[in-house]
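Contents: one structure, followed by commentary.
The sequence lines fix the lettering, A, B, ..., with proteins before strands; numbering per chain opens at 1. Keep in mind that what you see is a predicted model, and the values were worked out from it rather than measured.
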2 protein chains.
Amino acid sequence: MAENQTVQTMLDAMSKKGWRITDQRRRLAELFSTTDEYLSPKDVYEYMRQKYPSVSFDTIYRNLRLLSEMGILEQFYFLDSGLKFKANCSTHHHHHLICVNCEKTVTFDYCPMWHVSGLPEQFDILNHRFEIYGICNECKTTAN
Amino acid sequence: MAENQTVQTMLDAMSKKGWRITDQRRRLAELFSTTDEYLSPKDVYEYMRQKYPSVSFDTIYRNLRLLSEMGILEQFYFLDSGLKFKANCSTHHHHHLICVNCEKTVTFDYCPMWHVSGLPEQFDILNHRFEIYGICNECKTTAN
DNA sequence: ATACTTGCAAACGCTTTGCAGTTAT
DNA sequence: ATAACTGCAAAGCGTTTGCAAGTAT
């Protein structure tokens with residue numbers, strides 16, 4: 001996906017932090033650089049298992065956590081399907097439409113902080129979260 | 001809290017659904033009608049235990065889930081502290097400032113959907129989420 | 001050579017379930 | 001009276017941990 005980080009960007013970031021580039025981590029980078037949907041640890045496990053049948057869940061979790069901590073991945077907790085991960089959009093500040101059916105995301109540039117008003121003065125703002133949920137075009141037109 | 005639902009409102013809603021008003025549920029309603037912070041199942045358990053020492057976690061969970069399903073409570077998953085609950089603000093549409101330290105919420109009326117633009121046409125919007133995170137005045141001025 | 005990473009197994013915490021006894025309606 | 005609710009115990013699930021063997025640097 002055009003917006004995503006490349007495999008090389010991710011691997012470079014890991015190297016810079018002193019982490020080793022193992023086959024599993026390379027494959028993990030490949031996975032997240034080519035999908036813009038949220039993936040559960042189980043999704044990742046299933047994917048990794050295709051190439052590394054003996055991969056274990058704890059390795060998946062460890063790497064997902066490390067990648068999240070260094071900002072390569074972002075986490076999102078879906079109330080009905082639990083914790084999921086996707087590549088962080090590093091290009092520029094933006095927000096997402098999220099399809100509640102397929103969980104695909106679409107980015108848009110509008111930021112509500114441009115216009116927000118009526119906030120209490122004495123509150124130090126650190127960050128914000130704005131997401132719009134709906135049904136994407138494909139899910140509308142596909143019977144499921 | 002002025003914005004919250006009253007105990008009676010909650011109990012009426014339960015009765016209307018055919019649920020029975022047990023002592024525990026009354027106390028649960030009391031708890032959520034008088035706090036505007038997010039509470040974890042454990043928080044609720046500790047509170048309930050003061051009056052009903054033999055209360056069990058599964059009863060807490062069952063009632064929290066039921067109250068959430070009927071819209072009396074809303075759930076929120078904090079990535080660092082897990083699932084929490086608070087009374088749903090039934091008064092009118094608004095959004096929240098959330099203090100990342102004490103998790104107290106402050107409401108404000110501005111809604112980003114008033115101004116949002118640049119969205120893909122073919123996406124059916126169902127709902128949205130907008131939250132601002134920061135440090136509230138009390139947490140700023142209190143050393144912790 | 002060394003420090004990091006992996007897979008295994010076990011533990012952990014949070015949440016749910018089945019069931020028998022109890023309680024609100 | 002009866003249908004719903006509770007508490008108990010046990011199970012379930014997702015996630016984390018300790019450790020010995022393996023691997024990238």
Q: Calculate the interatomic distance between Leu11(B) atom CG and dT25(C) atom C1'; express it in whole Å.
A: 15 Å

Q: Using heavy atoms to find the nearest nucleotide of DNA chain C for Lys42(B) and Thr59(A) separately, return the residue whose nucleotide is more 5′.
A: Thr59(A)

**Q.** dC4(C) phosphate, OP1 or OP2, under 4.0 Å from Thr22(A) side-chain N/O
**A.** no

**Q.** Residue among Thr35(A), Thr105(A), Leu73(A) satisfying side-chain contact (heavy atoms from CB on, under 4.5 Å) with Lys86(A)
**A.** Thr105(A)

Q | Residue of the set Thr6(A), Val7(A), Leu28(A), Leu11(A) for which side-chain contact (heavy atoms from CB on, under 4.5 Å) holds with Ser33(A) | A | Val7(A)

Q) Taking atom C1' of dT5(C) as reference, at what distance in whole Å does atom CZ of Arg27(A) sit? A) 19 Å

Q) Between dG7(D), dT6(C), dT25(D), which one does the side chain of Ile21(A) approach most closely? A) dT25(D)

Q) Taking only N and O in the side chain of Gln24(A), is any of them less than 4.0 Å away from OP1 or OP2 of dT23(D)? A) no

Q) Whole-Å distance between dA4(D) P and Lys16(B) NZ? A) 19 Å

Q. When the nearest nucleotide of DNA chain D is assigned to Asp58(B) and to Arg25(B) on a heavy-atom basis, which residue is associated with the more 5' position?
A. Arg25(B)

Q: Identify, between Gly82(B) and Ser54(A), the residue whose nearest nucleotide on DNA chain C lies closer to the 5' end.
A: Ser54(A)

Q) Is the gap between the ring centers of Tyr38(A) and Phe85(A) under 6.0 Å? A) no

Q. Are the ring centres of Tyr45(B) and Tyr47(B) closer than 6.0 Å?
A. no

**Q.** Whole-Å gap separating P (dT6(D)) and CD1 (Ile60(B))
**A.** 9 Å

Q.
At a heavy-atom distance below 4.0 Å, what parts of residues 69-80 of chain A sit against DNA chain C?
A. none

Q) How about Asp12(A) and Ser15(A): does a side-chain donor come under 3.5 Å of a side-chain acceptor? A) no

Q. Tell me: OH of Tyr45(A) to P of dC13(D), nearest whole Å?
A. 15 Å

Q) Touch check for Arg62(B), heavy atoms < 4.0 angstrom, all strands: base, sugar-phosphate only, or nothing? A) base

**Q.** Closest to side chain of Arg20(B), choosing from dT5(C), dT17(D), dA24(C)
**A.** dA24(C)

Q: Scan side-chain atoms only and decide if His128(B) and His95(A) contain a donor-acceptor pair under the 3.5 Å cut-off.
A: no

Q) Arg65(A) has an atom CZ; how far is it from atom C1' of dT5(C), in whole Å? A) 14 Å

Q: Using atom OH of Tyr61(A) as one end and atom C1' of dC12(C) as the other, report the distance to the nearest whole Å.
A: 13 Å

Q) dT23(D) P sits how many Å from Met14(A) CE, rounded? A) 19 Å

Q: Indicate the ring-plane relationship of Trp114(B) and Tyr110(B), choosing parallel, tilted or perpendicular according to the 30° and 60° boundaries.
A: perpendicular

Q: When you get a sec, tell me which of dT15(D), dT16(C), dT5(C) is the closest nucleotide to the side chain of Trp19(A)?
A: dT5(C)

